[in-house]
Amino acid sequence: MKKECVLVTGGAGYIGSHTAVELVNAGFDVVIVDDLSNAELSAVEGVRKITGVDVPFEQVDCCDRAALDRVFARYKFNSIIHFAAFKAVGESVVKPLAYYRNNLDSLMTVLEAMLAHGVSNIVFSSSATVYGQPEALPATESTPRQPATSPYGNTKQIAEDIIRDTAHAHPGFNAIALRYFNPIGAHPSALIGELPKGVPNNLVPFITQTAAGVRECLSVFGDDYNTPDGSAVRDYIDVVDLAKAHVVAVSRMVERKGKANYEFFNIGTGHGLSVLELVRAFEKVNGVKVNHRIAPRRTGDIEAIWADTSLAERELGWKATRSLEETLASAWAWEKHLRGIR
Ligand code: UD1
């Protein structure tokens, strides 16, 4: 039987590369597209090394319809997983147009190419940022979306709407948006992981770089939140678990098991962890010290969020399986690999 073929846009990125690995492991053919504007070819090489499969790579900007058309003509895709997007919250506030142009133009170009080439399944990389600070926790899929606090967050909301409307207009079209909570960790092989450019914005890369001596001290943004220890609470999801959620989402569409042709799911662990708890867990698991100090709250941050994951569990048969210890060990193994630390 011919294998299902999945196009992974942004497949050289952090979540894209881990998803490419899990797709190949699950028996899919995979083609990676990435413009390498915020990713390295080494991630594609990592995917090939881990899987032992020479996964095809095309350096293409998803806003470039002619180039995408050539890729769609070369391969016969059954499904698309669309990761390709800018993702830095702070940068999006400074360069809103770059974010709207890139994140929305690329999505619309991918959707138009899908319709033109008869490809009817898409998984979209959305974010828990669409919930803002929910009034009640955990956040379920019925928790109302709130006005975005950054252009980045707004692109995720608008993108969900574009996909929903496209699905409604085309009955044979299937779309699943996965609302990620906070993805962390790396592949257990330490051959792929997160590759932040410059000073990391996200917590775990900052922790691993501080432990490695690249950064002097982690600032814990706020200790006066209304949480048990005063630091902010998030739902940290292992990137391999997250990658597997994409595999089940693609399978659900291929097998036509969806309840509607546009669906969205929370992808988290269902547990909240504070910044200070995470730092302590990292130190304990890896036997290293993370210098840190309390700093003022970061503008735009919410106090606490974690996921209700029961819908994903019930409908997708997916739930997070990796322990926090495994995840934090993998994050440190990856940082050591990058720095050549033994
Ligand atoms: C942000 C985005 C989210 C995006 C995610 C991954 C918002 C509101 N959040 O999540 O949409 O998907 O990044 O890119 O748009 N922290 C520190 N010190 C640091 C860094 C972070 O204390 O040096 C704290 C933050 O204040 C926060 C927690 O760690 O409480 C997690 O921060 P971060 O990893 O940046 O993710 P979010 O802000 O939750």
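Since the model is a prediction, treat every value here as computed from it, not as a measurement. Just so you know, these numbers use all the heavy atoms, side chains as well, and skip hydrogens, waters and symmetry mates. Every number for a ligand or one of its atoms is a count from 1 in the order of the listing.
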Which heavy atom of the protein is the closest neighbour of [atom], given with residue, atom name and distance?
atom                    : result
atom 32 (O) of ligand 1 : Arg298 NH2, 3.4 Å
atom 31 (C) of ligand 1 : Tyr236 OH, 3.5 Å
atom 26 (O) of ligand 1 : Asp301 OD2, 2.5 Å
atom 22 (O) of ligand 1 : Phe221 N, 2.9 Å
atom 37 (P) of ligand 1 : Asn182 ND2, 3.5 Å
atom 2 (C) of ligand 1  : Val89 CG2, 3.6 Å
atom 12 (O) of ligand 1 : Tyr152 OH, 3.3 Å
atom 3 (C) of ligand 1  : Ser127 OG, 4.0 Å

Lys/Arg-Asp/Glu bridge criterion (N-O < 4.0 Å) met for Lys3, Asp29: yes

Electrostatic pair Arg164:Asp161 at N-O distance under 4.0 angstrom: yes

Between [X] and [Y], which heavy-atom pair has the shortest distance, and what is it?
X      : Y      : answer
Leu137 : Ile305 : CD2-CA, 3.7 Å
Cys5   : Lys76  : CB-O, 3.4 Å
Val240 : Asp238 : N-OD1, 2.7 Å

Counting from 1, what ligand 1 atoms have a heavy atom of [X] closer than 4.0 Å?
X      : result
Asn201 : 20 (C), 35 (O)
Ala232 : 30 (O)
Thr129 : 7 (C), 8 (C), 11 (O), 15 (O)

Heavy-atom nearest neighbour of atom 18 (N) of ligand 1 within options Ser219, Ser125, Gly153, Pro183: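 Nearest heavy atom to atom 18 (N) of ligand 1 lies in Ser219.
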
Option of least heavy-atom distance to atom 6 (C) of ligand 1 (set: Leu218, Val220, Asn202): Asn202

Nitrogen or oxygen of Phe181 less than 3.5 angstrom from that of ligand 1: no

Contact check: Arg234 vs ligand 1, nitrogen or oxygen atoms, below 3.5 angstrom: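 N/O-N/O distance under 3.5 Å: yes.
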
Parallel, tilted or perpendicular, as decided by the 30° and 60° cut-offs, for the rings of His18 and His187: tilted

Tyr225 versus Asp301, side-chain donor and acceptor atoms under 3.5 Å: no

Val275 contact mode with ligand 1 (heavy-atom cut-off under 4.0 Å):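 The part of Val275 near ligand 1 is the side chain, not the backbone.
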
Interatomic distance, Arg234 atom CZ to Trp306 atom CH2 [nearest 0.5 angstrom]: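 One finds 11.5 Å between CZ of Arg234 and CH2 of Trp306.
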
Nearest-0.5 Å distance, OH of residue Tyr236 to CD1 of residue Ile184: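 Going from OH on Tyr236 over to CD1 on Ile184, the span is 7.5 Å.
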
Cluster overlap Ile122 with Phe264, hydrophobic side-chain contacts below 4.5 Å: yes

